[in-house]
Novice: 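For reference, the structure I am asking about is given below.
In what follows, chains carry the letters A, B, and so on, assigned in the order in which the sequence lines appear, proteins first and then strands, with residues in each chain numbered from 1.
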Amino acid sequence: MSEEVSLFDQRLEKLAKLRELGADPYAIERFEQSGTAAEILDAFQENKDVKFAGRLVSFRLMGKAAFGHLSDGDDKIQAYFKADDLGELGWEVVKLLDIGDHVGVEGYLFVTKTGERSIHVRTLAPLSKALHALPLGKEKDGERWYSLSDTEVRYRHRHLDLIANPEARAMLLNRMRIVAAVRRFMDRRGYLEVETPLLQLEAGGAAARPFITHYNAYDIEVKLRISLELYLKRIICGDVPKVYEIGRVFRNEGVSNRHNPEFTLLEFYEAYANLEDMMALVEEMFRSVAQDVFGSTKVVTDGVEIDFGPAWPRVDLLSSICEKAGVSEDAFGSLDSLKSALGGGVVVNPVNGKEINLAKEHNLGGLIEKLLEVFVEETLIQPTFIVGYPIETSPLAKKDPNRPGFTRRFEGYVRGREVCNAFSEINDPLDQRERFADQLAQREAGDDEAHVMDEDFLFALESGMPPTGGCGIGIDRMAMMLTGADSLREIMLFPMMRPD
RNA sequence: GAGUCGGUAGCUCAGUCGGUAGAGCAACGCCCUUUUAAGGCGUGGGUCCUGGGUUCGAGUCCCAGCCGACUCACCA
């Protein structure tokens, strides 16, 4: 018999004994408390009666007395169990406790010899039994021993991570607070939160391959959404002028540090607004969320201070490439002129070693974005807007009337990474139909991530959409940036894992 | 998809040149009524990721595979 089974069996026996003693942990439904651990310690008064419940995270049995810490997840209080004060039955229960059990205690506050504010327990009630040994390390003065560090176990059994690793816990909880702060911000600004279909006949609004599933009732193939965009704009067409959605989207791609097949996207659209309005809103949102969650507009991650206080510089995309890649502005006339200006063959950025194989670049806009990626992106540490994206890679963004081949689109960058993508939306249905047609052509040329024609969306546009500004923000990446997480998986509760 | 590193007790890890599988913590038993990485004495606990191979003998060497981390690629 393996150790795990016998350990489990030992715990089951303890559970049975507790039940015999009339202390069935699973029989109790509620336990009223005087407050959280922090609240109780804040309002500490010697001899004051308190009730508190939490998980037993440490336990020291010494003959006829015992000490243990009860954690409410965030903070903990030491409990002192003394045989004389608990009675025979109570003491029997104490001896059956294990680290990991939830326990409710009632008693009075006191200070131990060593100065720790504690609860002198008069009565206790087991509220759950930990049937598995929990990987709770020992701790002193902030140092910890023997905790849980195996990333695989941490991700697969996230509850253990939340119990055992305070840093991981703080990061994940901050992510939730960031989402809540974003929602508050949008609500305050008068945006209405909406919900649009996850199951769609054609997944549009982004360049990505969808997940495909089957709907039994209609016996049809449906796809999981890859973005929120097209349905949200259909709501704008219905004259609901300010809408947003925070929702899960699904892209059938690989897993990495910065990618998960399902992730959380925020998109918002505002009628009668344009990309400048979106920039102002993004600036304010980051400022507000940083202030809300971290109490400051300045966030330090990896020793780098990012300040969301000031306005973000607006930098023209082509100028940024000219500066960082050393290409002159007049080289951007055509794909061929740009290629020859780059010298042909393979272009290498000596700073980071990233390269572009020019032979694989078949359109001007695609190459321009590639240059941005290889030469510019990682230099954008402080919040920056890059403005003016090529039309080929922006099939939903309004054309810039003053610059043929470019659109009224921008992206925001922080810590060298893209954090948002926004534009003045196309509201000319004829233009949009042409763009879809171009995408369709690319699709037929073998690009299986190009957009498909969406007639229902076009019908809505044809019914009239006011000029509209729209923006998309990857919430997970935003959380990474704000918390300093170096992997997307650290700020998602349950990242995708291969079945073990 | 490629490369690198890793997978040994519940947890964190060690394991030399190929020679019967180790430590701390956790668990179990005994002692201990203000401890806090409590302490003392004692005990039990292993699919060494899986499957092949080499060898008298494999945790260790070789091959294939699985899972993970990291880097790159893919990917907004």
Novice: Closest-nucleotide mapping onto RNA chain B: is A:Gly254 or A:Arg498 further toward the 5' terminus? I mean the 5' end.
Specialist: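 The answer here is A:Arg498.
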
Novice: Between A:Arg60 and B:rU35, does any side-chain N or O lie under 4.0 Å from OP1 or OP2?
Specialist: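 No, outside the criterion.
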
Novice: Using a 4.0 Å heavy-atom cut-off across all strands, classify A:Arg409 as base, sugar-phosphate, or nothing.
Specialist: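 Result for A:Arg409 = base.
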
Novice: Side chains of A:Arg489 and A:Asn257: any donor to acceptor distance under 3.5 Å?
Specialist: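 Short answer, no.
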
Novice: Can you give me the closest heavy-atom contact between A:Trp91 and A:Gly63, atom names plus distance?
Specialist: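 That closest heavy-atom pairing would be CZ2-O, 3.1 Å.
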
Novice: Would you say A:Arg489 reaches B:rA69's phosphate, i.e. side-chain N/O to OP1/OP2 under 4.0 Å?
Specialist: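 Answer yes for this pair, as a side-chain N or O of A:Arg489 is under 4.0 Å from OP1 or OP2.
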
Novice: Are A:Lys14 and B:rC28 close enough that a side-chain N or O sits under 4.0 Å from OP1 or OP2?
Specialist: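 The answer is yes; a side-chain N or O of A:Lys14 sits under 4.0 Å from OP1 or OP2.
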
Novice: Rounding to a whole Å, what distance do you find between A:Asp9:CG and B:rC28:P?
Specialist: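 It works out to 13 Å between those atoms.
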
Novice: Taking OP1 and OP2 of B:rU35, is either one under 4.0 Å from a side-chain nitrogen or oxygen of A:Thr112?
Specialist: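 False: A:Thr112 side-chain N/O out of range (4.0 Å or more) of B:rU35 OP1/OP2.
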
Novice: Pick the P atom in B:rU4 and in B:rC63, then give their distance to the nearest Å.
Specialist: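 So the two P atoms sit 12 Å from each other.
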
Novice: B:rC74 phosphate, OP1 or OP2: any side-chain N/O from A:Lys370 under 4.0 angstrom?
Specialist: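 Checking B:rC74 against A:Lys370, a side-chain N or O does come within under 4.0 Å of OP1 or OP2.
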
Novice: Please give the distance between the C1' atoms of B:rU60 and B:rG44 as a whole number of Å.
Specialist: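 About 27 Å, rounded to a whole number of Å.
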
Novice: Which nucleotide, B:rC25, B:rG68, B:rC13, lies nearest any side-chain atom of A:Met497?
Specialist: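 The closest nucleotide is B:rG68.
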
Novice: Return the 5'-most residue of the pair A:Val255, A:Glu152 with respect to RNA chain B, ranking by each residue's nearest nucleotide.
Specialist: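 Nearest-nucleotide comparison on RNA chain B picks A:Glu152.
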
Novice: Taking B:rG45 as the reference, what is the distance to B:rG57 when you measure between their C1' atoms (whole Å, please)?
Specialist: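 So the two C1' atoms sit 26 Å from each other.
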
